[in-house]
Amino acid sequence: AAPLDYLLAVEALTVSFDGFKAVNDVSFYVDPDEIRVIIGPNGAGKTTVLDLICGRTRASGGSIRYKGQELTKLSESAIVQAGVGRKFQNPSIYDDLTVFENLEISFPRGRSVFGALTFKRDAEVRDRIHEIAETIFLKDQLSERAEFLSHGQKQWLEIGMLLIQDPELLMLDEPVAGMSVGERIKTAELLNQIIKGRSVLVIEHDMKFVEDIAHRVTVLHQGKVLSEGSMDRVKNDPKVIEVYLGH
Ligand code: ADP
């Protein structure tokens with residue numbers, strides 16, 4: 001299929017750190033409305049791939065096209081503007097603000113002619129905040145200060161802070177790390193709810209969670225794609241079994 005059929009087309013992506021190829025000729029394609037999970041042992045290059053897509057790290061070679069647009073030359077903020085949202089492992093929420101306020105400050109801002117930040121404070125913003133709060137299971141916590149949320153609720157709030165910017169590609173780094181089983185199940189529900197009109201790219205170690213959410217899995221090993229396909233296919237791939245069992 002032509003590249004434009006994909007929301008994200010990563011081709012021959014490579015980055016070297018002091019001559020060491022942390023990501024080495026990686027290609028993969030993410031469809032619209034797809035949940036793609038990247039798995040692989042520590043040091044496989046998973047985080048670096050997300051860093052490259054969001055512009056935090058510059059590629060040495062290859063291309064990253066998002067909706068047909070080349071991202072490798074864009075700044076981190078231009079990539080956010082283009083519609084790519086990234087959640088890191090540690091929540092970056094404001095503890096002393098309420099859930100509502102955390103969502104409100106994340107609403108896309110315009111700049112006035114004088115350069116001051118302008119906030120939209122109308123019914124549209126409030127409706128959107130309530131809608132998102134419902135999606136992230138925090139509609140009854142809107143006036144609670146973020147510091148009093150559970151670990152899982154903080155992770156959801158941060159996903160909400162990204163959703164309010166309406167990204168078409170959402171990247172999450174180990175979203176269920178440290179969560180209870182109940183929270184993990186709700187997170188799977190949450191991801192399945194939000195993919196209409198967007199795709200999610202997730203790094204994950206929790207294989208139960210991967211089974212629950214992944215449409216397709218890409219396995220990285222030593223900076224390269226080792227295997228790709230449905231979880232069923234990938235977990236029965238002898239190459240994957242060998243890497244995970246450490247032969
Ligand atoms: P993963 O997320 O799969 O655990 P990473 O992408 O974090 O793997 O790292 C892949 C490899 O690249 C590792 O060997 C790591 O030490 C190396 N690496 C990552 N970032 C840098 C950097 N900024 N400088 C040097 N080496 C790095």
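Atoms within each ligand, like the ligands themselves, are counted from 1 in listed order.
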Under 3.5 Å, side chain of Tyr66 to main-chain N/O of Ala82, donor-acceptor pair present?
yes

Is any NZ, NE, NH1 or NH2 atom of the basic residue among Glu158 and Lys87 found under 4.0 Å from an Asp or Glu carboxylate oxygen of the other?
yes

Would you say Gln222 and Lys21 are linked by a side-chain donor-acceptor pair, where the criterion is simply a distance under 3.5 Å?
no

Need the ligand 1 atom indices (1-based, order shown) with element for anything under 4.0 Å from a heavy-atom of Ala44.
1 (P), 3 (O), 8 (O)

Hey, is Lys235 close enough to Glu211 for a salt bridge, meaning N to O under 4.0 Å?
yes

Minimum-distance protein heavy atom relative to atom 2 (O) of ligand 1
Thr47 OG1, 2.6 Å

May I ask you to say whether Arg65 pairs ionically with Glu11, meaning some side-chain N is under 4.0 Å from a carboxylate O?
yes

Please write down residue, atom name and distance for the protein heavy atom closest to atom 9 (O) of ligand 1.
Thr48 OG1, 3.8 Å

To which protein heavy atom is atom 21 (C) of ligand 1 closest, and what is the distance rounded to 0.1 Å?
Phe17 CE1, 3.4 Å

Check Arg128 with Glu131, please: is the shortest side-chain N to carboxylate O separation under 4.0 Å?
yes

I'd like to check which ligand 1 atoms, numbered from 1 as shown, lie under 4.0 Å from a non-hydrogen atom of Phe20.
11 (C), 12 (O), 14 (O)

the protein heavy atom lying closest to atom 3 (O) of ligand 1 turns out to be Lys46 NZ, 2.8 Å

Sub-4.0 Å atoms of ligand 1 with respect to non-hydrogen atoms of Ala22:
11 (C), 12 (O)

Taking only non-hydrogen atoms of Gly45, do any sit less than 4.0 angstrom from ligand 1?
yes

Salt bridge check, Asp31 against Arg36: does any charged N sit closer than 4.0 Å to a carboxylate O?
no

Within-cutoff protein neighbour (heavy atom, under 4.0 Å) for atom 15 (C) of ligand 1:
no

Taking atom 4 (O) of ligand 1 as the reference point, the nearest protein heavy atom with its distance:
Gly43 N, 2.8 Å

Give a yes/no on ligand 1: does Pro41 have at least one heavy atom closer than 4.0 angstrom to it?
yes

If the cut-off is 4.0 Å to any non-hydrogen atom of Asn42, which atoms of ligand 1 fall inside it?
4 (O)

